[in-house]
Amino acid sequence: MHDLPKQYDHKAAQARCRALWDAERSWHAEPPAPGDTRPVFSIVIPPPNVTGALHLGHALNNTLQDVLVRTRRMQGHLTLWMPGTDHAGIATQAVVERRLLEEEKLSRHDLGREKLVERIWAWKEQYEKRILGQLRDLGASCDWDRTRFTLDDQCAAAVREAFFRLFQKGLVRRGKRLVNWDTFLQTAVSDDEVFHEQVKGHFWHIRYDVIDPEPGEPASVTVATTRPETLLGDTAVAIHPDPAAALDAAERTLREKREQANAKEHAEIDRALDDLAQRRTALLPLLETLAAMARAGRKVRLPLLGRAIPLVADEWAKPEMGSGCVKITPAHDPNDYDVGRRQALPMVNILNPDGTLNAEAGPYAGLTIQKARTKVVADLDSAGQLVQVEDRIIELAHSDRSKTPIEPYLADQWFIRMDEIAQPALDAVTGGAVRIFPERYAKSYLDWLGEKRDWPVSRQLWWGHRIPIWHVDGVSAAELSTAFAGRGGVEWTCDGGSGWHVCSRDESLGVDAVGGKPLVRDPDVLDTWFSSALWPHSTLGWPAATPELASFYPTTTLVTSRDIITLWVARMVIMGLFDTGKIPFRDVAIHPKILDRYGETMSKSKGNGVDPLDVIDALGADALRFGMASMATETQDVRMPVEFQCPNCAARIEQTTQNRMLPRIECPKCKQAFRTQWATKPEDIALPRGPALSERFEAGRNFSNKLWNATRFVLMNLEGFTAGELTPDATAPEAIPLEDRWLMSRLATVTAEASRAIDEYRFAEAARVLYAFAWDEYCSAYLELCKARLADPAARPRAQAMLLLGLDTILRLLHPIMPFVTEEIWQHFRTIAGHRRTPWDASGLPASIMVAAWPAPPAGWVDARTETQFGTFLAVVGAIREIRSRQNVPPRTNVKVAIRAPADTAALLLPMHGSIASMAVAEITAAGPTATGAPGAATAGAAGCDVFVDLADLIDVGAEIARLAKENEKTAAFIQAKQAKLADEKFAAKAPPQVVQKEREQLAELEAKLAKGRETLAALERRAAP
RNA sequence: GGGCAGCUAGCUCAGUUGGUUAGAGCGCUACGUUCACACCGUAGAGGUCACAGGUUCGAAUCCUGUGCUGCCCACCA
């Protein structure tokens, strides 16, 4: 007798399984040997950032990948799952810098580039280890021998080669780009690290005087700004070259819009049209004059500084807005920068990196932006140049890292030109070479890529792939040719002046100087997404022609979250095609984002997150995975209510916006306190920690336990089991018991459904189908039925074999979602049922379920008729139970039952009488078309049968009468509705005949039901009235 | 400003091409532990499918509009 504890111990099982898998190394994949014709399935992990530990989003992402990988592995594919981590440029540098400041009060400048990078590597080592450990805890069956890092030597070689090829083809350009400058941290921050906050601001209208106005010319122009201090960097005032035409165009646009607008929007558009008309009369002549002045090269005087700056004619100035004139600050605004380029204007940078104004600001030099603004406004006012001040709410950009306002300024950057290389990536999706699931996400991919905007790839950071470009000034092309003669892999372009940009395929150029002039390495690093874009081919060895690249590239599927479709997915397609000529993956499976109960994204800083390890610890990795798979629907978000679990009494406390930031929480049940992630004070840290969990993982934990106990039952009843072959159809079909035929049919159907759901990335569907089958059908129905058969020596062997076949199949189908509990059970099977063999096992069973054959029940097992019959049986059992329940019959009191059913149904139920008796604690006294219960028996309908339960003195007649009367009323109401429907001529005429027929049949059934109900009611009433 | 989603039971979500009386898990109510499992069993209550129109014999499902929620992109002199 195989003795198992009553509860599944996930902790012990997980440790055992991981040890087993690591010993077997079935997760490792080698390129196929000659003659190996297995299909290949490969997948590269979206590399988690080494910034910190994994969160629930990673748990979801990796669960889904593992489901795919494990499924394909069992299905006989040659399977590779490439693991690794991402250096995550700015984010990682930021966390290390922050710690440096907090713990040692040092800035990165105190440490220097080399030392800081060393520190970041140390951080990376620590977190990479932690992340990979977490992935293993989750059960991810990655090829751990191949772990890569986006900044390791292999990836670095790929990055340099890719960048060099781009440079060689003229796809790398130098240009200006507005960077988000954090003046507090003195660093550029990415757009993702900028948040906008509405603040009260002003809109200042400032007068710029025209220098020596001629008769008929205005004496001044007025411009407006929310950032008056930037006027110190102004180098022009722009006016539209043809204001009349611009107004016409604006009007046309509005009229077109009006045609498509609804009534409510009309009013708004009409107002705008009125405004345009007014401008035509009030403003147009002036604007025409100004345009002419711009053409004539007239200038205006910059207030405060007195600099003469030109009026320029540029289409950026919109006559329909404001005064029609706009100040141009090329160094501090991206649009103004474009104007500056077009008009060949000087670019005046007025800022120091620390956010103070520099010498260009003249008397304002040294002031902070805020102080300069106040002073500029005051000075303008006293100089009489300030026309008007409006209050206005403005969206002010702030740095997420320092919480200080962002100062935009233009800096030189490297760009990848997208005009050519984006097109193949667009074609890949429109042409169906790359398929995106769910399909709707293809739109955002195509829209974004369709703009073909150049990709700014340089970052003013120290942590990352250093750009392989060197600068040299004042040498000739001939000198460069001589210096690099005989060296392949070096290319150069002129920087537009006297300097050159030299790009090398290698880390070293081989020479330090050209013509006596030093080569200076570009200080910037590449955008972290550059190395990520190469991930599918760089991890497989590109640019080397490795067997891995030949066998596993293009990869099969990419699994990722919807928020990086553009940042990452699109760029992988671009770079994959550019570097290898092949798409990087065939399918892209997009999964939802996990939000908290309020619909907010989870983050550590909000305190609303869940640590996957807490879930694994408290409920098990399988519970986490089952929950994740269940959540992976086709919607774009899922909500997950979070609860703290009191470590003292295990009570659950809802996590709210109020309590989620508290360092300690007092349990309302046991009144004891516990600490949270926010605990910092010693007295808080001393408290036991209350993990944050979610009830959404409990179903998975319970399910594990259910499977465990089903196993206990089967193993307990396996004594004397000898037949190894689990071939249920070896006997003549008619000799197979109904429930076995049913189980065979269900196994075939469920296998097909679950397999298809996984193929189509409908993970939640796969989880739901398997859960319902295992719990409601296998455990609640089949296993219960077998209890009687196991007691019968004649029926026992077959029941044992079938129970085993069913459980074995369920385990295999569930293994990709719940690898630990299924493996643990598989191991327990070895001692007592290790010699079993299913029809889909070509040879003996493997030692681990991880490489067991995926079930393949013959299509011939599917039998719709049997499933219907079995359904009738279950309905009869349900009807008896319902009567028992509503009459409060004690559980072990036997009841007498009559079943009125058509002859064929009664015949089919005949062999099931024993099962009905055992499952419903009933004795069947009669079954057939005329069977009926004792007068006043309680009744219930079930799948075309009527079940009479003779309750003798047990029955509560009054309650039964009331219930039946209510039910009859309900039935009558349905009949009425159906009759009305059928009486409707239009319905009869237009609905398909089979629908009409169905309605008729239903009506007949309902009428029969009502007749019987009334009859029974009358009998009960007779009995009630003595 | 443009786009994409979502709104179904107290909560979190399913609902495949329009067709019986709209489902699941959790929670809730009642009953029940010798007989795999209380992380369990049996039964039950609970929904005007956001709202308003429309198409149709028939709408949670298709169309139009409205409201609310979330996200992505762009822009804001």
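All chains are named by letter (A, B, ...) in the order of the sequence lines, taking the proteins before the strands, and each is independently numbered beginning at 1. Side chains are part of it too, since the values below use all heavy atoms of this structure and drop only hydrogens, waters and symmetry mates.
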Take atom [atom1] of [X] and atom [atom2] of [N], then tell me their distance rounded to the nearest Å.
X        : N      : atom1 : atom2 : answer
A:Ile883 : B:rU42 : CD1   : C1'   : 14 Å
A:Lys787 : B:rC40 : NZ    : P     : 15 Å
A:Tyr337 : B:rC75 : OH    : P     : 16 Å
A:Asp447 : B:rG2  : CG    : C1'   : 10 Å
A:Ile594 : B:rU12 : CD1   : C1'   : 13 Å
A:Glu765 : B:rC13 : CD    : C1'   : 13 Å
A:Leu60  : B:rC13 : CG    : C1'   : 15 Å
A:Leu624 : B:rC39 : CG    : P     : 21 Å

For nucleotides [N] and [M], find the distance between their [atom1] atoms and express it as a whole number of Å.
N      : M      : atom1 : answer
B:rA43 : B:rG25 : P     : 12 Å
B:rA60 : B:rC75 : C1'   : 38 Å
B:rU61 : B:rC49 : P     : 9 Å
B:rU21 : B:rU12 : P     : 29 Å
B:rC68 : B:rA52 : C1'   : 15 Å
B:rU8  : B:rA14 : P     : 11 Å
B:rU16 : B:rA50 : P     : 14 Å
B:rG27 : B:rU64 : C1'   : 39 Å

Out of [options], which has the shortest distance to the side chain of [X]?
X        : options                : answer
A:Asn335 : B:rC75, B:rU12, B:rA36 : B:rC75
A:Arg881 : B:rC4, B:rU42, B:rC39  : B:rU42
A:Arg696 : B:rG44, B:rA36, B:rU12 : B:rU12
A:Val638 : B:rC13, B:rC11, B:rA36 : B:rC13

> In chain order, what residues pass the salt bridge (charged side-chain N to carboxylate O under 4.0 Å, His left out) check against A:Glu765, with sequence neighbours excluded?
Replying inline: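 Per chain and number, A:Glu765 pairs via salt bridge (charged side-chain N to carboxylate O under 4.0 Å, His left out) with A:Arg768.
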Name the nucleic acid region contacted by [X], choosing base, sugar-phosphate or nothing; use a 4.0 angstrom heavy-atom cut-off, strictly under.
X        : result
A:Ala317 : base
A:Tyr8   : nothing
A:Ser704 : nothing
A:Glu784 : base
A:Leu783 : base

> Could you write out RNA chain B as a dot-bracket string, with dots for unpaired bases, | for bases paired across to another strand, and Watson-Crick or G-U pairs counted at under 3.5 Å?
Replying inline: (((((((..((((.....[...)))).(((((.......))))).....(((((..]....))))))))))))....
>> Strictly by salt bridge (Lys or Arg N to Asp or Glu O under 4.0 Å), give each pair with a member in residues 781-792 of chain A just once, sequence neighbours left out.
In response: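 Matches after skipping sequence neighbours: A:Glu739-A:Arg789, A:Asp740-A:Arg789, A:Glu784-A:Lys787.
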Any [X] side-chain nitrogen or oxygen under 4.0 Å from OP1 or OP2 of [N]:
X        : N      : value
A:Lys706 : B:rG41 : yes
A:Asn705 : B:rA38 : no
A:Lys6   : B:rC37 : yes
A:Ser885 : B:rG44 : no

> Mind checking whether A:Trp775 and A:Phe703 have parallel, tilted or perpendicular rings, split at 30° and 60°?
Replying inline: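 Ring orientation, 0 to 90° scale: parallel.
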> How are the rings of A:Phe203 and A:His205 set to each other: parallel, tilted or perpendicular (split at 30° and 60°)?
Replying inline: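 Geometry flag for A:His205 against A:Phe203: perpendicular rings.
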> Do A:Arg440 side-chain and B:rC4 base share a donor-acceptor contact under 3.5 Å?
Replying inline: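 By the distance-only test, no, there is no pair.
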> Mapping A:Gln7 and A:Lys318 to their closest nucleotides on RNA chain B, which lands nearer the 5' end?
Replying inline: A:Gln7
> Of A:Thr226 and A:Phe703, whose closest RNA chain B nucleotide lies nearer the 5' terminus?
Replying inline: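 Taking each residue's closest nucleotide, the earlier one in sequence belongs to A:Phe703.
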Can you name the side-chain contact (heavy atoms from CB on, under 4.5 Å) partners of [X], sequence neighbours left out?
X        : answer
A:Glu695 : A:Glu643
A:Ile564 : A:Trp529, A:Thr560, A:Leu567, A:Trp568
A:Gln7   : A:Asn705
A:Asp333 : A:Asn335, A:Asp336

Which value, rounded to the nearest 0.5 Å, describes the distance between [X] atom [atom1] and [Y] atom [atom2]?
X        : Y        : atom1 : atom2 : value
A:Ile817 : A:Phe763 : CD1   : CZ    : 9.0 Å
A:Lys443 : A:Ile436 : NZ    : CD1   : 12.5 Å
A:Tyr208 : A:Leu231 : OH    : CG    : 4.0 Å

Suppose we screen for side chain to side chain donor-acceptor pair (under 3.5 Å). Which residues come up paired with [X], at least two apart in sequence or across chains?
X        : result
A:Asp776 : none
A:His10  : none
A:His240 : none

What are the atom names and distances for every N/O pair under 3.5 Å that joins the protein to nucleotides 25-29 of chain B?
from: B:rC26; atom 1: O2'; to: A:Glu695; atom 2: OE1; distance (Å): 3.2

Close N or O pairs between protein and nucleotides 70-72 of chain B (under 3.5 Å):
from: B:rG70; atom 1: N2; to: A:Gln636; atom 2: NE2; distance (Å): 2.4
from: B:rC71; atom 1: O2'; to: A:Arg562; atom 2: NH1; distance (Å): 2.7

>> Would you say that more than 12 heavy atoms from the other residues, nucleotides or ligands in this model lie under 6.0 Å from the CZ of A:Arg756, or not?
In response: no
